[in-house]
Amino acid sequence: MPLVLSKRTDAEKVDYLKSLFTEVYFKDIIERYNIELPDVLSELTDDLCSSMGSLTNASKIANALNLIKKIKISSVTISNYLEYIIESFLFSNAKRYDVKGKKYFEYPSKYYCTDIGLRNARLKFRQQEETHIMENIIYNELLSRGYLVDVGVVEIVETKEGHKAKKQCEIDFVVNKGSKKYYIQSALNVSDPDKLQNEIRPLKKTNDFFKKILIVKTSMKAWTDDGILHLGLYEFLLNEGSLEQ
């Protein structure tokens with residue numbers, strides 16, 4: 001009789017998580033969609049796990065596989081495989097949204113892992129970038145609370161040496177539920193004043209009155225400054241009503 005997961009050793013738990021990809025997810029995807037290139041599916045999954053929360057698209061991934069892995073594959077095939085792994089709940093994607101123009105960009109998008117434990121096991125716990133993991137956790141939590149989540153893009157005009165230039169700045173999450181909308185930035189640490197200003201600048205440039213929130217990996221009492229709610233990660237995760245403060 002197999003041991004329940006809670007009683008297994010750490011090594012057994014890791015092996016179990018690894019096997020979920022090959023014995024459950026991949027097997028189901030390959031059979032359901034008649035995948036002809038399972039190695040490509042595996043490489044694609046590794047790439048998304050490694051670069052979770054980064055902007056990418058099918059053409060970029062196909063070019064990387066062609067160049068680095070010497071795998072000849074079309075962007076159409078990669079696009080199909082991306083659709084399959086999203087439908088299988090291995091990943092979910094967030095589209096880029098032009099906050100001021102009120103329109104979506106066709107590409108690139110961000111891809112997030114639906115289960116961080118599976119992701120870590122897939123990469124053999126080698127890539128533990130706290131910034132991306134924290135962003136992924138926040139994204140998953142927002143989805144679990146029933147929000148629609150996009151990646152925000154705000155165009156900013158900067159003046160340097162007397163010349164004006166347009167620059168696109170990113171808001172990690174544009175969050176909607178019914179009539180409610182929130183702009184959310186995820187930051188591991190903002191103890192440096194310049195880092196803080198870089199994080200909140202896109203929020204200030206939306207030029208609207210929707211709520212703006214900065215979530216930081218710390219334990220602190222929520223507070224508001226200059227119209228922006230500063231919220232600790234743990235408060236956000238443990239309090240479903242934290243965004244309403």
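The structure displayed is predicted, hence computed values, not measured ones.
- Although no hydrogens or angles enter the test, the distance criterion places no donor-acceptor pair under 3.5 Å between the side chain of S79 and the main chain of S75.
- No donor-acceptor pair closer than 3.5 Å links the side chain of S50 to the backbone N or O of D47.
- Rounding to the nearest 0.5 angstrom, the gap separating the CD1 atom in I61 from the CD1 atom in I78 is 6.5 Å.
- A donor-acceptor pair is defined here as one N or O able to donate and one able to accept, closer than 3.5 Å; no such pair exists between the side chain of E235 and the backbone of G232.
- For Y104, the ring-ring contact (aromatic ring centres under 6.0 Å, His included) partners two or more places apart in sequence, or in a different chain, are Y97.
- L231 and L214 are not part of a single hydrophobic cluster, where members link through side-chain heavy atoms under 4.5 Å apart.
- Within the 6.0 Å centre-distance limit, the rings of Y112 and Y139 are counted as a close aromatic pair.
- Using a 4.5 Å heavy-atom cutoff, the side chains of Q185 and P202 are in contact.
- Across I171 and I184, no two heavy atoms sit closer than the pair CG2-O, 3.8 Å.
- Classification of E87 and R32 as a salt-bridged pair fails, no side-chain N sitting under 4.0 Å from a carboxylate O.
- Between D208 and K181, none of the side-chain N atoms (NZ, or NE/NH1/NH2) sits under 4.0 Å from a carboxylate O, so this pair counts as no salt bridge.
- Between K18 and K124 there is a side-chain heavy-atom pair separated by less than 4.5 Å.
- With hydrogens and angles disregarded, a donor-acceptor distance shorter than 3.5 Å links the side chain of K211 to the backbone of L243.
- Between V40 and L65, the closest side-chain pair of non-hydrogen atoms falls below 4.5 Å.
- In the hydrophobic clustering of this structure, I86 groups with V24; members are Ile, Leu, Val, Met, Phe, Trp, Tyr whose side-chain heavy atoms approach within less than 4.5 Å, directly or through other members.
- Using a 4.5 Å heavy-atom threshold, the side chains of C49 and F91 count as touching.
- R96 approaches P108 most closely through the heavy-atom pair CD-O, 3.0 Å.
- Between the side chain of K70 and the backbone N or O of I68 there is no donor-acceptor pair closer than 3.5 Å.
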Evaluate the side chain to side chain contact (heavy atoms under 4.5 Å, CB included) criterion for residues M52 and I116: first the C-alpha distance (whole Å), next the side-chain angles of each, then the deciding distance (0.1 Å), finally the verdict. CA-CA 10 Å; M52 65 179 184; I116 296 296; 4.2 Å; yes
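- Within the 4.5 Å cutoff, side-chain heavy atoms of D226 are placed close to those of K204.
- For the atom pair CG of N57 and CG of N63, the computed distance is 8.5 Å after rounding to the nearest 0.5 Å.
- In this structure, R145 is positioned above the aromatic face of F236, its NZ or CZ under 6.0 Å from the six-membered ring centre and within 45° of the axis.
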Apply the test side chain to side chain contact (heavy atoms under 4.5 Å, CB included) to residues K100 and N207: give CA-CA distance (whole Å), side-chain angles for both, the deciding distance (0.1 Å), then the verdict. CA-CA 8 Å; K100 294 181 180 179; N207 296 331; 3.5 Å; yes
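- Ring geometry for Y182 against Y147 counts as perpendicular: the plane angle is over 60°, on a 0 to 90° scale with 30° as the lower cut.
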Run the side chain to side chain contact (heavy atoms under 4.5 Å, CB included) check on Y25 and L118 step by step: do they pass? CA-CA 11 Å; Y25 285 104; L118 282 175; 3.8 Å; yes
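- Applying the 6.0 Å contact sphere to CZ of F125 captures more than 12 heavy atoms from other residues, nucleotides or ligands.
- The distance from the OG atom of S42 to the CG atom of L37 is 12.0 Å, given to the nearest 0.5 Å.
- Side-chain contact between I133 and R119 is present, with heavy atoms from C-beta onward closer than 4.5 Å.
- Between the side chain of N66 and the backbone N or O of A62, at least one donor-acceptor pair lies under 3.5 Å.
- The two residues G152 and V174 have their closest heavy-atom pair at CA-CG2, 3.4 Å.
- In the displayed structure, E36 atom CD is contacted under 6.0 Å by at most 12 heavy atoms of other residues, nucleotides or ligands.
- Side-chain contact check for L90 versus F21: some heavy-atom pair is nearer than 4.5 Å.
- Between S51 atom OG and K110 atom NZ the span is 11.0 Å, to the nearest 0.5 Å.
- In terms of modelled atom types and a separation under 3.5 Å, the side chain of S144 and the main chain of E141 share a donor-acceptor contact.
- The heavy-atom pair separating I30 from P38 by the smallest distance is CD1-CB, 3.7 Å.
- Looking at D172 and I215, their side chains never come closer than 4.5 Å, going by heavy atoms from C-beta outward.
- There is a path of hydrophobic side-chain contacts, each under 4.5 Å, that joins Y84 to I71.
- For E244 and K177, the salt-bridge test fails: no basic side-chain N is under 4.0 Å from an acidic carboxylate O.
- In the hydrophobic cluster analysis, where Ile, Leu, Val, Met, Phe, Trp and Tyr join through side-chain heavy atoms closer than 4.5 angstrom, L142 is grouped apart from V153.
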Could you check L82 against Y111 for side chain to side chain contact (heavy atoms under 4.5 Å, CB included), going step by step and ending with a plain yes or no? CA-CA 9 Å; L82 285 170; Y111 292 84; 3.6 Å; yes
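- Considering CZ of F210 and CG of N176, their distance stands at 8.0 Å, rounded to 0.5 Å.
- In terms of heavy atoms, V216 sits closest to M134 at C-CE, 3.8 Å.
- By the rule that hydrophobic residues join a cluster once side-chain heavy atoms approach within less than 4.5 Å of another member, I213 and L188 end up as members of one cluster.
- Counting all heavy atoms, side chain and backbone alike, N140 lies closest to T114 at ND2-O, 3.6 Å.
- To the nearest 0.5 Å, the span separating CD1 on I137 from CG on L233 amounts to 7.0 Å.
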